[in-house]
Every structure is written in structure tokens, then in C-alpha cells.
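Numbered from 1 within each chain, the chains take letters A, B, ... in sequence-line order. Please read all numbers here as calculations on a predicted model, not as lab measurements.
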Protein chains: 2
Amino acid sequence: MRPQKISDRELIDKLFAVFRAKGYSGARINELAALTGLKKASLYYRFPGGKEDIVKAVLVDMSAWSEKNIVGVLESPNLDADTRLEVTLSNINKLYGRGKKSCLFESLSLDDGLQLLGHEIKQSLRTWIRAFTTYGQSIGLNRIAAEKKANEVVTLIQGSLVVSRIMEDNSSWAEAMKRIEKLYNY
Amino acid sequence: MRPQKISDRELIDKLFAVFRAKGYSGARINELAALTGLKKASLYYRFPGGKEDIVKAVLVDMSAWSEKNIVGVLESPNLDADTRLEVTLSNINKLYGRGKKSCLFESLSLDDGLQLLGHEIKQSLRTWIRAFTTYGQSIGLNRIAAEKKANEVVTLIQGSLVVSRIMEDNSSWAEAMKRIEKLYNY
DNA sequence: GTCTATAAAGAGATAGAC
DNA sequence: GTCTATCTCTTTATAGAC
């Protein structure tokens, strides 16, 4: 049992980066290995189930991140509403590199990833929507209105990430962030 | 010279369907052949440059479609403003199967597709934005306001397509369409 | 745990018959 | 124009040494 060359934490982070940028089919084991500094065989040692195993681990990690940094913050009983929103948007902003990085859910919801991971991805996105819905209700919106805003939030996020990526210009992202703030400040 | 088993028109349509759903890496030559009813070798006869040739033909066809059904309509001198918007949205609605089909630009802007087609995709999306900007100006908006709305339109379209795909529910798409109409009716 | 080496399968692409 | 057959290269995955 040699020492690990790279920690689970760092490993997942690097694998995550490839899947978000390339999707499931586009992420090649060779590249995953090269980018993590491990040889292919070592990657298979860490993830015996191969590529499916890897992508699922990445997705599970992303869910945990969401639970902590989105749901946990938006529903935190210790923070006032403004702070909850501010911290959440800051976390989201960081997650997506200020609009310069793609969304894992989007990248994995094409091609082979869809049927392999569709259910988990759907659950994850639903989690985001629910958290924003709860937030909306916490500031006095009725359920319908809160759900509508929550859906608008995730739509703006996804859309601006796609547009920013294609246009190689994150101004769409910046606009979306401003709009999301406004959604809850009026 | 045997007769063509499938017309160029129908061929492109079927190839388009695969690329929009699977992206560049996810679209396998075998599947493209199977779905069009042609054998691989016949596909190579029609597109000597192989996969790159095919995807570029699909993208060029998409550009022509946009020119005719988006730009051409939004900038048509023969129609009043309301009709121009109505027809355009109807065309877009049809293109995306009422929110049930992905956007080719999005699908091709991941993984290998990005560096191969990034420039063309960017140009195509810019075309959409410009057409909506021109439309906004035609109904009295100043350039800045028109550009802002145009960007919001494409962001809503892209975002709601992603959300609808993941959630397996096109209500996000329906909401986005309503919102786009409102953008130009107030 | 990680490595080198290699097997097994898949994908893109071509040759040549019809 | 389309086909069958085949080739090559890539990709996934495993065996076994260290």
C-alpha cells in the first residue's frame, strides 16, 4: 500500500473539471489520467467501475457541494434573508468561475450521459429549484410565485452559462446575476 | 451512378437530429449511418471529409435556416412588427420541438466540437442576437436597450431548453416563450 | 497504490465489387 | 451511389510486477 499520489479531494476536483468541459463521451480516460497525474491503471484502482464509476463520483460530490453551499445557505436559520441570498450567489459565482465555466448538469445531460445519469441530474436540479423556492417563500412570496422565480433563476443561470461559453464573453452571466438579485429585491 | 437512397435534405435533417441530441463526440458514425439508412461507406461517399465534413454541413444548413426563418422574418420589410415577432417565435418553437429538443449550438459547443466549430457557432449565435437587436430598434428601442433585450431572449431560449431537457418537462420553455413576448409588448 | 505492458472492443476511414 | 469487407487508430479495460 503505497501512499496516494493525489488525495480523493483533489482527484475529484480535477475529474470534475474535465467532465464539465467535455461531457461524458468527450471525457476520455486517457485525458482524465493525464490531467490527474495518475496512470490509467491507477485511476482504475481508485475507481474500479471505470468511467461510469468516475462520473458518478463526480456527480455525488457535486450534490454534496450543492447541499452545503446552496441548500444549506438558502435555508440557514442563522442568517437573514439578504445574507442568505448574497452568500448563495457568491458561491454560485465561484462555482461557475464567474460565468467562464460550464455547468456539470448541462454537460452531462447530453449524449450517453443522459440515460446513464439523467435521473440523478434531474434530482440535483430539482434540489436547486426547491431551495430557491423555499427561499422565496421565506421572504414572503406565496408558493406559486416562489416556484416561478426559482425556475427563472435556474433558467437564467443555465442560459447565461451557455451563451457566455459560446460567445467567449461572460457579460451574459453578469447580466443574469444582476437580474437574479433584482428578482428578489422587488 | 445509382439513384440516391436518401435526398440531401432528408439526410441533413437526420444527421442534424443526432448532433443536436448527442454533441460532436457523442455522435458516432455508426449511429449516423444506421439512422439515415445508409452504410458507413455510403455516408463517406456523400461526405468525403467524414465526421467533420458532416457536422459542418449540418451547421451550414442550420445557418441557412436561421437566415431564412429568423433574420429574414425579423427584418422583413413586408410585415408589421407584431407579425414579424409572432412568426419568428412560431418558427423557433417549431425548431426546438416546443422545448423538447436541444439546441445544436449548445450541443456542439462542448468537448471537441468547441475548438472545431467554436467560431462558426459564435457567428451563428451572434446572428440571432443581431436580428433581435434590429427588431428591437425597429419598434423604437435605442441600441443599448435593444441589445440588452436581444441578449435576454437568447439567454432565455438556451436556459429553458437546458432546464426542459433535464427536467423532462417543457414548462420552463413555455414560460420563456411567454416572457419573450412580454419583453417586446411593454 | 502506482506502474508498464497488453488485451479487447470500438470508432473513423478506405478499397474495391456491383 | 451503395454495398461488404477490411484496415488502422483510439479507447476502454485488465494483468501482473514493484
Side-chain angles (χ1 to χ4, degrees), chain A residues 1-59 61 107-108 110-117, chain B residues 1-59 61 107-108 110-117:
Chain A
M1 306 266 174
R2 289 202 204 167
Q4 281 188 339
K5 231 181 145 182
I6 181 174
S7 69
D8 282 352
R9 177 70 267 141
E10 198 179 349
L11 186 51
I12 291 282
D13 286 344
K14 298 198 170 180
L15 296 169
F16 171 82
V18 179
F19 280 107
R20 92 183 319 179
K22 307 232 176 176
Y24 186 74
S25 303
R28 306 292 156 81
I29 297 279
N30 255 320
E31 191 190 356
L32 294 173
L35 222 114
T36 56
L38 288 177
K39 297 300 173 185
K40 271 189 288 187
S42 305
L43 207 48
Y44 276 96
Y45 176 83
R46 303 284 282 266
F47 300 95
K51 201 172 172 180
E52 291 194 13
D53 214 353
I54 296 173
V55 77
K56 282 178 181 169
V58 167
L59 204 48
D61 186 72
S107 303
L108 293 182
L110 278 178
D111 70 86
D112 310 309
L114 183 58
Q115 65 161 322
L116 179 64
L117 309 162
Chain B
M1 304 271 174
R2 290 201 203 167
Q4 281 190 340
K5 234 182 144 180
I6 181 173
S7 69
D8 283 352
R9 177 68 269 140
E10 199 179 346
L11 187 50
I12 291 282
D13 285 343
K14 298 198 169 181
L15 297 168
F16 171 82
V18 180
F19 280 108
R20 93 185 317 181
K22 307 232 175 177
Y24 187 74
S25 302
R28 305 292 157 80
I29 297 279
N30 257 317
E31 191 189 358
L32 294 172
L35 222 114
T36 57
L38 289 177
K39 298 300 174 184
K40 270 189 293 187
S42 306
L43 207 50
Y44 276 96
Y45 177 82
R46 304 286 281 267
F47 300 95
K51 200 172 175 181
E52 291 194 12
D53 214 353
I54 297 174
V55 77
K56 281 178 181 169
V58 166
L59 204 47
D61 186 72
S107 302
L108 293 182
L110 277 177
D111 70 87
D112 309 309
L114 183 58
Q115 64 162 324
L116 179 63
L117 310 162

A.B. asks: For A:S25, enumerate each residue passing the side chain to side chain donor-acceptor pair (under 3.5 Å) test, keeping only those at least two apart in sequence or located in another chain.
C.D. replies: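 By the side chain to side chain donor-acceptor pair (under 3.5 Å) rule, A:S25 matches A:D111, A:D112.
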A.B. asks: Donor-acceptor pairs under 3.5 angstrom involving side-chain atoms of residues 48-56 of chain A: please list them, not counting sequence neighbours.
C.D. replies:
{"unit_1": "A:K51", "atom_1": "NZ", "unit_2": "A:Y24", "atom_2": "O", "d": "2.9"}
{"unit_1": "A:K51", "atom_1": "NZ", "unit_2": "A:A27", "atom_2": "O", "d": "2.8"}
{"unit_1": "A:D53", "atom_1": "OD2", "unit_2": "A:G49", "atom_2": "N", "d": "2.8"}

A.B. asks: Can you name the side chain to side chain contact (heavy atoms under 4.5 Å, CB included) partners of A:K39, sequence neighbours left out?
C.D. replies: A:S42
A.B. asks: Apply side chain to side chain contact (heavy atoms under 4.5 Å, CB included) to A:K5 and list each qualifying residue two or more places apart in sequence or on a separate chain.
C.D. replies: A:L38
A.B. asks: Rounded to the nearest Å, what distance is computed from the CG atom of residue A:L43 to the C1' atom of nucleotide C:dT4?
C.D. replies: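 In whole Å, C:dT4 C1' lies 16 Å from A:L43 CG.
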A.B. asks: Which whole-number value in Å describes the distance from A:K5 NZ to C:dT4 C1'?
C.D. replies: 13 Å
A.B. asks: Can you tell me how far P of C:dT4 sits from OH of A:Y45, to the nearest Å?
C.D. replies: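 Rounded to whole Å, this separation is 17 Å.
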A.B. asks: Going 5' to 3' through nucleotides 4-17 of chain D, assign each nucleotide B (protein heavy atom under 4.0 Å from a base atom), S (under 4.0 Å only from sugar-phosphate atoms) or - (no protein heavy atom that close).
C.D. replies: B------SBBBB--
A.B. asks: Run the side chain to side chain contact (heavy atoms under 4.5 Å, CB included) test against B:F16 and tell me which residues pass, sequence neighbours left out.
C.D. replies: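 Side chain to side chain contact (heavy atoms under 4.5 Å, CB included) list for B:F16, sorted by chain: B:R20, B:V58, B:M62, B:L95, B:L104.
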A.B. asks: Measure the distance from CZ on B:F47 to C1' on C:dT14 and round it to the nearest whole Å.
C.D. replies: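 Distance, rounded to whole Å: 18 Å.
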A.B. asks: Can you tell me how far apart CG (B:L108) and NZ (B:K22) are? Round to the nearest 0.5 Å.
C.D. replies: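 Output value for this atom pair is 14.0 Å.
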